[in-house]
Amino acid sequence: MCGIVGYVGRSEAAPILLDGLRRLEYRGYDSAGVAIVDGDRVETRKCAGRIAALAKLMAEKPASGSFGISHTRWATHGKVNDENAHPHFDASGKIALVHNGVIENYQALKEQLNRDGNHDFHSQTDTEVLAHLIGSIYQQLDGKDSKARLVNAVRAALKQVIGTYGIAVVHANIPDFIIGARRGSPLVLGVGKDENFLASDVSAIVAYTRDAVYLNDFDVVAVERDKFEISSLAGETGDHQVSKVEFTAEDIKKGDYPHYMLKEIFEQPDSVRDAMRGRLSLEDCTAKLGGLNMTPEQLRDVGRVVLTGCGTALHAAMVGEYLIEQLASIPTEVEYASEFRHRNTPMTPDTLVFAVSQSGETADTLGALRESRRKGYRTLGICNNVASTIARESDGGVYMHAGPEIGVAATKSFTSQLVILTLIGLLLGRMRNLSTAEGTRIIKELETLPGQIEEVLKLSDQVKAIAKKYVDVGGMLFFGRQFNFPIAVEGALKMKEITYLFAEGHPSAELKHGIIALVRPDLPSIFIAPDDAVFSKNLNNIEQIKARKGPIIAITSGNGAKQLKGLANEIVSLPDVADCLSPILTVIPLQLLAYHLAVELGRDVDKPRNLAKSVTVE
Ligand code: M6R
């Protein structure tokens with residue numbers, strides 16, 4: 001949510017900042033801006049709209065200099081316009097600031113500033129208040145060392161802040177010097193040769209350096225060309241490790257695909273393979289998950305599981321509930337992270353909590369993780385981003401290894417989460433009642449999944465034809481049972497977020513308890529009805545819709561197609577797989593349907609309106 005890029009070195013800052021912003025655009029795309037220091041002037045260019053608009057502005061009015069900061073915004077305070085775009089300045093016009101997060105007490109700080117001095121605010125943002133606060137403290141501080149003075153001013157201002165921030169600050173009269181700080185919003189330092197970088201996410205800078213220091217909450221970093229110093233908000237210096245970024249600039253290219261979303265859908269044979277690589281033991285008919293950091297005794301003592309997350313990750317958790325209960329017979333519950341973190345869920349001491357998050361930075365999921373740990377529950381992460389805050393703050397966990405996911409709509413991370421939740425169910429199950437035969441069967445079926453996904457992807461043209469046929473519909477209903485009920489909800493979310501069509505997902509049987517009133521000829525119902533233990537029940541519900549002239553698109557498998565002939569208007573037939581693994585296949589035609597429909601409707605697939613990939617505000 002919002003992206004920051006900073007550069008200090010010997011090259012022209014502008015192209016590096018713009019390139020980094022393009023890579024961070026998935027974090028927000030309401031407006032963008034840069035502040036580049038030229039001599040003792042801060043040149044700023046900013047405007048509402050995408051990075052392309054900023055690039056155009058900068059082509060018309062170039063800004064030169066070898067250090068600067070930049071920002072792409074997802075609006076929280078103040079509407080989307082040029083004035084509210086970052087950077088913002090202090091009262092002197094010398095200090096420029098970009099910010100990701102929310103300053104919750106900005107009104108109180110603004111009143112305080114207005115009482116103490118002369119402050120003209122030019123925007124409605126909380127960020128501008130922080131810029132003025134830093135400037136006002138900087139004026140009051142003594143000292144010849146202007147760098148130390150600015151660092152101290154930033155520290156003192158941040159101590160007064162309630163809320164979250166990732167910031168980058170420059171001063172017109174302090175050459176080659178950027179300050180970064182974070183609390184609750186990610187910030188990473190890229191370490192180069194005679195140049196250094198700041199960014200919200202390493203993908204912005206991986207083309208220039210793969211050496212990174214992931215800042216922790218309350219870190220303040222002073223960055224120069226050839227050195228950096230990290231200290232705490234309290235002023236103490238500490239040790240920080242330089243890590244190698246595990247992907248390259250090549251991995252974040254779109255290649256020949258028209259959209260990241262399509263690329264990521266087609267990467268699923270590999271991402272699913274990578275999620276289970278080295279984690280299956282045919283010898284013991286179980287999964288090996290050393291990252292959980294738990295002894296066999298501790299795993300055996302787990303009496304209850306809570307899975308928490310948001311959006312697509314929550315839907316994966318919903319499948320996880322079915323999986324863990326089926327394979328391990330451990331009572332499992334799913335909690336919206338945003339609810340879990342604020343309510344007093346009764347928990348037993350033997351509860352194991354999993355926070356599921358692709359980015360590992362989602363504010364609500366992080367809040368749930370912290371709350372759970374505060375209460376003393378062992379809390380593990382299922383994350384894709386290995387350097388993320390959730391990955392670092394959890395007691396252990398399992399990485400997805402899905403590779404960077406850039407499209408705002410989560411696709412490959414979802415199927416990786418499902419594989420990992422299956423592995424967790426298998427591991428816990430084999431420590432309890434799951435037989436060697438059943439364990440072996442699951443492993444063998446898991447191993448055939450990548451090949452089966454390849455088969456499903458071959459249906460993309462069939463799904464595209466369906467999308468073209470239904471392009472004028474008023475919305476869509478999604479239904480599924482058991483393991484595929486969460487897939488109905490996930491299918492509806494994909495449809496909503498990238499086509500902007502009205503869509504709802506429900507358990508099939510709920511149809512007759514109210515939803516059937518919506519059924520009409522221009523509202524197709526998508527039934528996720530593989531040839532599984534509940535196929536005949538789904539068939540009944542399909543009949544009920546058919547009787548009311550509602551069009552049916554069926555996602556099925558095995559013999560399902562035969563039985564659906566004449567009943568469903570469209571039939572997408574998938575390979576057969578164990579019931580508990582079927583969501584890993586059934587979700588793919590739904591991802592493709594949303595994708596092709598969005599393209600037909602001319603939507604911005606990778607950057608749908610109002611959304612951002614990583615939601616780091618509450
Ligand atoms: O990074 P996370 O997995 O924690 O993100 C959670 C949700 O914000 C995310 O899944 C969101 O719902 C996606 N846009 C769905 O496609």
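Order of appearance sets the numbers: ligands from 1, and atoms from 1 within every ligand. What you see below is based on every heavy atom in this structure, not just the backbone, and it leaves out hydrogens, waters and symmetry mates.
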Sub-4.0 Å heavy-atom approach of Glu361 to ligand 1: no

Winner among Asn385, Asn384, Thr312, Leu366 once heavy atoms are compared against atom 10 (O) of ligand 1: Thr312

Tyr322 and Phe483 aromatic ring geometry - parallel, tilted or perpendicular at 30°/60° bounds: tilted

Among Tyr595, Tyr26, Phe266, the one residue meeting ring pair (Phe, Tyr, Trp, His ring centres under 6.0 Å) with His259: Tyr595

Ligand 1 atoms in contact with Ala313 (distance to a heavy atom under 4.0 Å): 3 (O), 10 (O)

Close approach of Ser614 to ligand 1, heavy atoms, under 4.0 angstrom: no

With Val242, the side chain to side chain contact (heavy atoms under 4.5 Å, CB included) member among Thr209, Asp211, Leu189: Asp211

Row check, Tyr214 ring normal vs Arg392 NZ/CZ: under 6.0 Å, within 45°: no

Tyr257 atom OH, neighbour heavy-atom count above 12 within 6.0 Å: yes

Ala409 near ligand 1 by a heavy-atom separation under 4.0 Å: yes

For Gln358, the ligand 1 atoms whose distance to one of its heavy atoms is below 4.0 Å: 1 (O), 2 (P), 3 (O), 4 (O)

Arg273/Asp270 salt bridge by N-O under 4.0 Å criterion: yes

Heavy-atom proximity to atom 6 (C) of ligand 1, best of Ala337, Cys310, Gly309, Gly311: Cys310

